[in-house]
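Chain naming here is simple, since letters A, B, ... match the order of the sequence lines and numbering starts at 1 in each.
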There are 2 protein chains.
Amino acid sequence: MLNMASGNTIAEVASLIGDAARANMLSALMGGQALAAGELARHAGVTAQTTSGHLAKLLDAQLIAVEKQGRHRYYRLASPEVAQAIHALMTLAASGPKRHRPVGPRDAALRLARTCYDHMAGRLAVALADSLNDLGYVRLSDGAGRVTPEGQRFFCDFGLDMGTEPRSKRPLCRTCLDWSERRPHLAGSLGAALLDKTLDLGWVSRMPESRALRITRAGEMGFAATFRLASDWRDPALPQDAAPGAA
Amino acid sequence: MLNMASGNTIAEVASLIGDAARANMLSALMGGQALAAGELARHAGVTAQTTSGHLAKLLDAQLIAVEKQGRHRYYRLASPEVAQAIHALMTLAASGPKRHRPVGPRDAALRLARTCYDHMAGRLAVALADSLNDLGYVRLSDGAGRVTPEGQRFFCDFGLDMGTEPRSKRPLCRTCLDWSERRPHLAGSLGAALLDKTLDLGWVSRMPESRALRITRAGEMGFAATFRLASDWRDPALPQDAAPGAA
DNA sequence: TCGATGGTTCGGCGCCGGCCGAAGCATTCA
DNA sequence: TGAATGCTTCGGCCGGCGCCGAACCATCGA
């Protein structure tokens with residue numbers, strides 16, 4: 001047995017995520033909001049006691065963090081790195097052997113628009129990324145993103161104050177592979193600011209108990225006018241291969 | 001219990017990685033070479049039978065792939081996505097609670113230079129990335145990378161034929177957060193080509209049974225001359241905070 | 001046609017860890 | 001102060017999974 005130096009602790013982390021109940025909790029937290037223990041219990045489908053044990057472990061490993069408020073305890077992911085790891089696992093899970101991929105019932109809403117930790121994902125997010133790229137406001141050269149000078153102005157006009165808080169560690173503009181669409185969308189602090197702003201404007205709103213986002217009437221108009229979305233952005237993107245022709 | 005649609009399968013993937021033996025095997029495969037079952041058994045510290053079972057599971061979940069050759073079976077990671085997920089978990093594990101982070105004995109070699117799936121990592125790789133950025137051959141704007149026109153020429157002169165095979169799915173130039181240095185190094189197909197070339201030139205060579213790379217005498221000269229490495233690149237980088245001035 | 005070597009399959013053992021019921025704190029209302 | 005709510009701790013049950021020994025298949029060298 002050689003070189004187990006780090007291999008061991010990665011197993012610890014992975015096995016923490018590798019329990020169905022905990023995975024469900026973490027997935028729920030990928031929505032970006034802090035959730036109370038009880039809500040997490042329901043997401044996981046286990047009793048409160050069991051949940052408590054799980055949360056203690058996750059906390060201990062610093063995968064999540066807690067904030068107590070009155071008699072509630074609100075849990076959130078501990079860092080963007082955690083979100084990234086979970087995201088990578090989601091990608092892997094989605095691309096794995098088909099076998100039993102039920103593509104759940106309420107998934108439709110999730111596929112259309114949802115939060116991904118602190119930014120948007122789903123078809124809306126992919127369409128936004130496409131448009132911003134086409135308009136020349138960002139340059140999404142595979143896996144990475146860059147804001148152009150025009151983009152800088154555009155986002156500034158739109159009311160995002162990116163740049164004012166250069167919390168150095170955080171990339172301004174990353175792309176994040178959308179696990180449902182298999183195409184990149186905007187992440188990084190730009191992505192986060194965009195979500196904040198559109199929530200603020202009331203263009204989208206969080207659906208209760210879910211990561212899904214509802215697109216409001218105002219949002220319909222706003223997104224179309226400001227970001228010039230293609231008219232067919234709601235159509236499911238055919239994953240990479242299939243021909244685009246038929247309805 | 002709501003929204004368990006995908007949360008469940010991510011648990012399956014994570015729990016596969018979440019076993020010490022399997023994690024060790026996968027870590028070993030992060031070296032980028034295909035390894036025979038027996039070698040993996042030794043890496044994992046379990047018997048051949050046990051290893052066989054583990055490999056079957058990993059194979060079944062398409063985390064790894066096999067190629068049989070005579071009476072050997074060579075296993076490798078199934079895709080870059082798998083490598084990315086493992087990498088994310090490594091990052092998480094490395095940044096977790098200190099507790100028992102032994103910083104193993106032979107780690108010194110690993111920290112200096114090693115392979116990371118198909119490209120280089122460690123202090124050498126970080127120093128290369130820094131130099132290439134300073135020289136203006138690549139632009140490493142956080143999280144992402146872009147090759148400049150000068151860089152294009154430079155890499156071409158150096159003998160890399162990036163671009164000739166545009167296997168679309170693969171980003172040309174990504175950055176990858178080095179888990180030992182906590183600073184970015186070059187990944188993507190450019191990173192891969194760079195590793196190939198330097199192995200080819202004999203500037204580095206693989207150490208047996210390890211992901212570590214040995215830097216040859218020729219490599220010392222070559223890297224210094226071609227990439228203009230700072231003279232102190234061998235010094236351990238102080239993680240993120242500490243001031244750069246002294247020494 | 002035989003060993004020898006690399007890998008896999010089978011069966012049974014043992015332990016770790018997730019689960020819940022019951023009880024115990026803390027906080028917030030009345 | 002007492003009851004309700006949210007969460008945690010404790011103890012015991014039980015299933016799943018990782019482990020190995022033994023036997024079995026496949027490939028290579030003489």
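The terminal axes of the helix from C:dT1-D:dA30 to C:dA30-D:dT1, fitted over 5 pairs per end, subtend an angle of 30° to the nearest 10°.
Shown here for B:I64 and B:L59, the closest heavy-atom pair between the two residues is O-CD1, 3.3 Å. Nearest heavy-atom pair across B:H185 and B:A121 is CE1-CB, 3.3 Å. The minimum heavy-atom distance linking A:M25 with A:A44 is given by the pair CE-CB, 3.7 Å.
Distance CG (A:L35) to P (D:dG6): 15 Å, rounded to an integer number of Å. A:R73 places its CZ atom 12 Å from the C1' atom of D:dT9, with the value rounded to the nearest Å. Distance, A:Y75 OH to D:dT8 C1': 9 Å, rounded to whole Å. Rounded to whole Å, the distance from CE on A:M25 to P on D:dC7 is 12 Å. Straight-line distance from the CG atom of A:L55 to the P atom of C:dC19: 12 Å, rounded to whole Å. The distance from atom CG of B:N24 to atom C1' of D:dC19 is 15 Å, rounded to the nearest whole Å. In this structure, the NE2 atom of A:H72 is 17 Å from the P atom of D:dA4, given to the nearest Å.
Counting heavy atoms from C-beta on, the side chains of A:V204 and A:T216 never come closer than 4.5 Å. Using a 4.5 Å heavy-atom cutoff, the side chains of A:L110 and A:R211 are in contact. Using a 4.5 Å heavy-atom threshold, the side chains of A:I17 and B:L89 count as touching. Between B:L186 and B:L128 there is no side-chain heavy-atom pair separated by less than 4.5 Å.
Partners of B:S79 by side chain to side chain donor-acceptor pair (under 3.5 Å), not counting sequence neighbours, listed by chain and number: B:E81. With sequence neighbours excluded, no residue forms a side chain to side chain contact (heavy atoms under 4.5 Å, CB included) with B:R71.
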Using atom types as modelled, flag every donor-acceptor pair under 3.5 Å from a side chain in residues 48-57 of chain A to any protein atom, sequence neighbours excluded.
unit_1 : atom_1 : unit_2 : atom_2 : d
A:Q49  : OE1    : A:T47  : OG1    : 2.8
A:T50  : OG1    : A:T47  : OG1    : 3.1
A:T51  : OG1    : A:T47  : O      : 2.9
A:H54  : ND1    : A:R22  : NH1    : 3.1

Where protein sits on nucleotides 25-30 of chain C, one letter per nucleotide: B base, S sugar-phosphate only, - none, heavy atoms under 4.0 Å: --BB--
Heavy-atom protein contacts under 4.0 Å, nucleotides 9-18 of chain C, coded B base, S sugar-phosphate only, - none: B--------S
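If you take CG on B:L195 and OG1 on B:T115, they are separated by 7.0 Å, rounding to the nearest 0.5 Å.
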